[in-house]
Participant: 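Got a structure here, written out as structure tokens. Questions coming.
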2 protein chains.
Amino acid sequence: MAPRSISRAAEAGPRIATAHDVARLAGVSQSAVSRAFTAGASISPETRDKVAEAARKLGYRPNLVARSLITRRSHVIGVAMAYLENQFYPRALEALSQAFSTRGYQVMLFTGKPGASSDPMLEEMLRHKVDALVMASASLSSRFDVECQNAGIPVVLMNRRTESRSISSITSDNRQGGALIAAFLAAGGHRHLAFMAGSENSSTSQDREEGFTHALAAHGLGTPRRVVGLYDFDQAAAAMRSLLSAPERPDAVFCANDHMALAAINVARAEFGLEVGREISIVGFDDAGPAAWPVFGLTTYAQPLRAMVEEVVAATCARLSDPTSQAVRTIVPGWLAVRSSARLPPVGLTVRDGLTTWMPPEV
Amino acid sequence: MAPRSISRAAEAGPRIATAHDVARLAGVSQSAVSRAFTAGASISPETRDKVAEAARKLGYRPNLVARSLITRRSHVIGVAMAYLENQFYPRALEALSQAFSTRGYQVMLFTGKPGASSDPMLEEMLRHKVDALVMASASLSSRFDVECQNAGIPVVLMNRRTESRSISSITSDNRQGGALIAAFLAAGGHRHLAFMAGSENSSTSQDREEGFTHALAAHGLGTPRRVVGLYDFDQAAAAMRSLLSAPERPDAVFCANDHMALAAINVARAEFGLEVGREISIVGFDDAGPAAWPVFGLTTYAQPLRAMVEEVVAATCARLSDPTSQAVRTIVPGWLAVRSSARLPPVGLTVRDGLTTWMPPEV
DNA sequence: ACAGGTGTTGCATACGTATGCATTGTGGAG
DNA sequence: CTCCACAATGCATACGTATGCAACACCTGT
């Protein structure tokens, strides 16, 4: 090993400076160098300055790999996320990366093979000794839970929940959102409703559907027609086609997320020539970027991205600083962003900062 | 250290198994365990099986942090990417992550503070000992170059280029793409052209503009009007507003990327009531997801995402396996995806697999 | 002047793995 | 039967850093 690394260094020019090199140049011990780079360590200002000067001369940078090995903290958070064609996720990813980096963590991205089990991904994450896992996609197997608990790694779900008591989850109020949309559409005078589900095993889609369906019943409207879009643009388009081709066409469609709602609008407008918002109402969930674009004007339940990300980061860091703390199950409230893709109810609309929202008139 | 880690282990339950634990259980040396997990190492099948069995019992996983320290290879690629609201980038990120993971590398994501210098990001990447850098956004300072060369870390740019001879870059044919669009619009009978630039310091925007402008001149059309959209949706919308409010309105606008072109379509249609493709032509560059959505039908120069990602990964791995190899400068050819956002020329259109493209009739 | 406290420093070791080297065992060629 | 080649294995060490511990200097209060 030693001879090889020497020869490699020889061919690659000057070796990368280590704490020992800095120590030698500064005339102190390696410990002093380490302490100079550790906030709150016991070291005199003079020594710290000597070290800083030597480090500057040598272009020294602490090796975080070596540090990780000894401190047993990699300061790396594994983020599992696929399905990046849904704008909500890239934004979430960017925000997560920002927020974690503010607290001294970097994000390692795991996308997993499309359609594959999440287990190989888990394996890879554990080998890399990530400090924590944020799962924003992929359904977890039961192994996931126990393996992470054995490894002592906190797991935080974003935008989905689980039964496990040891895993934290941050979601928006999916049930209440679905219910609010039901009330909104009922107040708008719609009578033939439809729901487009995401994946069948998605807790998020289930919750939104439940809230929607229950509230519809409470408003005296029957069970909505149901199609499945699998969170996929093309699948959603096909589902929308089948809805609009049916003899009894719905007058309002609630899609389990914006990505599918945008597909629905595309089909309704481009293939069926419908004027969305007048001849048919389409409502989504997320308020991802394009929803607000004028050509769509998608009415949707807005998930507060920044707030959710903050909660994810807070939950992660909490469990990192106190491993005995309980997993949390946080529900962040959202609101209904009212635009033009759905017929408006006569009352209940309010405008604030140029954004329109709606609340049911009576409780 | 030792007493602390013992007490920590005690409170956290069974310690995470190491190669030593496996060795003890299997009745072999730690070296044997290491070799059992190293492809091509000198070890007998029997020993390998014994080790595998013991490892299975203990739930052993090789610690990649420790491995990185000794092999000086982290198997982590730093990917710098911001601007994820432009759909092109999330897709690229997903594809990069997939492709690298196929070759045994994981992706660490660096987004950088919006608007900040890339230097702190670089610092963080070097501390984490990434094996290579893929830069798909952020403009690099000159420090970047030398620091990475000192550290012996290959740098590969995606979708941008640089003067430095030591940095690889993968782009599509931006000049030719701009020229092709000019020819296409000229053939379509447009006479008052405009160009919407991205960022002024973006090589990509510059190249597309150059190709566009030169080819326009060759077709006897004057210098196009020029506005700046800074690759930003709202800025692009504002730029489009100014174009359409001017006394002499252009009959075709070439936007330096799709993201801005989509903003332009939104403004033209929703604010000015124009029928895009008939009253005004709008062309983009990228062929990111929404360009193909029916409501946009954006005519755009298609960058072959998969091919570009493959080239990026190939270039990265090439320099990793042979550090003395030269940096490459690869240009991946694209093609013009013709849809409905721009008036069609009378000749030159061809359809293949349901996709329409266009080539200039004569050379 | 002396005892005790406080703040700095270096030494030694540990983190978990990979690998050069020496040693051993095994089989085949002569 | 001898010798050599080669495969398999263990020992020892190295990667670069953090930190417990002991040694030490310096200061304060009596």
Side-chain angles (χ1 to χ4, degrees), chain A residues 1-9 15-24 26-51 55 58-75 126-129 131 151, chain B residues 1-9 12 15-24 26-51 55 58-75 126-129 151:
Chain A
M1 191 60 212
R4 219 213 12 190
S5 75
I6 287 173
S7 75
R8 271 191 48 180
R15 239 179 66 257
I16 290 184
T18 73
H20 286 97
D21 303 326
V22 176
R24 203 171 309 120
V28 299
S29 72
Q30 178 264 322
S31 318
V33 176
S34 170
R35 286 191 256 259
F37 282 88
T38 307
S42 171
I43 189 172
S44 73
E46 298 81 43
T47 308
R48 188 187 294 275
D49 290 348
K50 272 195 300 185
V51 170
L58 296 177
Y60 169 72
R61 261 178 286 270
N63 182 333
L64 294 191
V65 172
R67 177 180 294 188
S68 298
L69 185 58
I70 183 109
T71 62
R72 294 150 171 276
R73 284 265 183 235
S74 62
H75 279 205
L126 294 178
R127 288 157 53 100
H128 275 281
K129 296 289 164 188
D131 283 348
Chain B
M1 191 61 213
R4 232 257 310 238
S5 76
I6 287 173
S7 75
R8 271 192 48 180
R15 238 175 69 255
I16 289 182
T18 73
H20 286 97
D21 302 327
V22 176
R24 203 171 309 122
V28 298
S29 72
Q30 179 264 323
S31 318
V33 176
S34 170
R35 285 191 256 259
F37 282 88
T38 307
S42 170
I43 189 173
S44 73
E46 299 80 42
T47 307
R48 188 186 294 276
D49 291 348
K50 270 194 300 184
V51 169
L58 296 177
Y60 169 72
R61 261 179 286 269
N63 182 334
L64 294 192
V65 171
R67 176 180 297 188
S68 299
L69 185 58
I70 183 114
T71 62
R72 293 150 171 275
R73 285 265 182 236
S74 63
H75 278 205
L126 294 178
R127 288 155 53 99
H128 275 281
K129 296 288 164 189

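Order of the sequence lines fixes the chain letters, A, B, ..., with proteins taken first and strands second; residue numbering starts at 1 for each chain.
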Participant: Identify whether any heavy atom of B/V33 sits under 4.0 Å from a base atom; if not, whether one sits that close to sugar-phosphate; answer base, sugar-phosphate or nothing.
Facilitator: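 Contact class for B/V33: none.
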
Participant: Which pair of non-hydrogen atoms, one from A/R48 and one from A/I43, has the smallest distance, and what is that distance?
Facilitator: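 Smallest interatomic distance, heavy atoms only, reads NH2-CG2, 3.2 Å.
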
Participant: Could you state the CZ-P distance from A/R24 to D/dG16, rounded to the nearest angstrom?
Facilitator: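 The answer, rounded to whole Å, is 12 Å.
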
Participant: Taking only the side-chain heavy atoms of B/T47 (C-beta and beyond), determine which of D/dT9, C/dT19, D/dT17 contains the nearest atom.
Facilitator: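 Closest of the options to the side chain of B/T47: D/dT9.
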
Participant: Under 4.0 Å, heavy atoms only, any strand: does A/S42 hit a base, just the sugar-phosphate, or nothing?
Facilitator: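 Here A/S42 touches the bases of the nucleic acid.
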
Participant: Side chain of A/I70 only, heavy atoms from C-beta on: which candidate in C/dC15, C/dT8, C/dG10 is closest?
Facilitator: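 Taking heavy atoms from C-beta onward, the closest nucleotide is C/dC15.
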
Participant: Whole-Å distance between C/dT6 C1' and A/I43 CD1?
Facilitator: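 Atom CD1 in A/I43 sits about 17 Å away from atom C1' in C/dT6.
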
Participant: Atom CZ of B/R73 to atom P of D/dC15: distance rounded to whole Å?
Facilitator: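 Whole-Å distance recorded here is 17 Å.
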
Participant: Please determine whether any donor N or O and acceptor N or O are separated by less than 3.5 Å between the side chain of B/S31 and the base of D/dC11.
Facilitator: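 Per atom types, the contact qualifies.
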
Participant: By nearest nucleotide on DNA chain C, pick out whichever of B/R35 and A/L69 is the more 5' one.
Facilitator: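 Comparing both residues, the 5'-ward one is A/L69.
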
Participant: For the side chain of B/R72, starting at C-beta, report the closest nucleotide among D/dA18, C/dA18, D/dG16.
Facilitator: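 The answer is D/dG16.
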
Participant: Between A/D131 (side chain only) and A/R73 (backbone N and O only), is there a donor and an acceptor less than 3.5 Å apart?
Facilitator: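 Pair absent, no side-chain N/O of A/D131 close to backbone of A/R73.
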
Participant: Counting the atoms with a prime plus P, OP1 and OP2 as sugar-phosphate, which does A/S44 contact under 4.0 Å by heavy atoms, base, sugar-phosphate, or nothing?
Facilitator: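 The answer is sugar-phosphate, as A/S44 gets under 4.0 Å only of primed atoms, P, OP1 or OP2.
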
Participant: Got a sec? Which of residues 60-68 of chain A come in under 4.0 Å of DNA chain C, heavy atoms?
Facilitator: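 Those residues whose heavy atoms fall under 4.0 Å from DNA chain C, taken from residues 60-68 of chain A, amount to none.
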
Participant: With respect to the phosphate group of D/dG16, does any side-chain polar atom (N or O) of A/T18 fall under 4.0 Å of OP1 or OP2?
Facilitator: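 For A/T18, the contact criterion (side-chain N or O under 4.0 Å from OP1 or OP2 of D/dG16) is not met.
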
Participant: Taking only the side-chain heavy atoms of A/Q30 (C-beta and beyond), determine which of D/dA18, C/dT17, D/dG10 contains the nearest atom.
Facilitator: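 It is D/dA18.
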
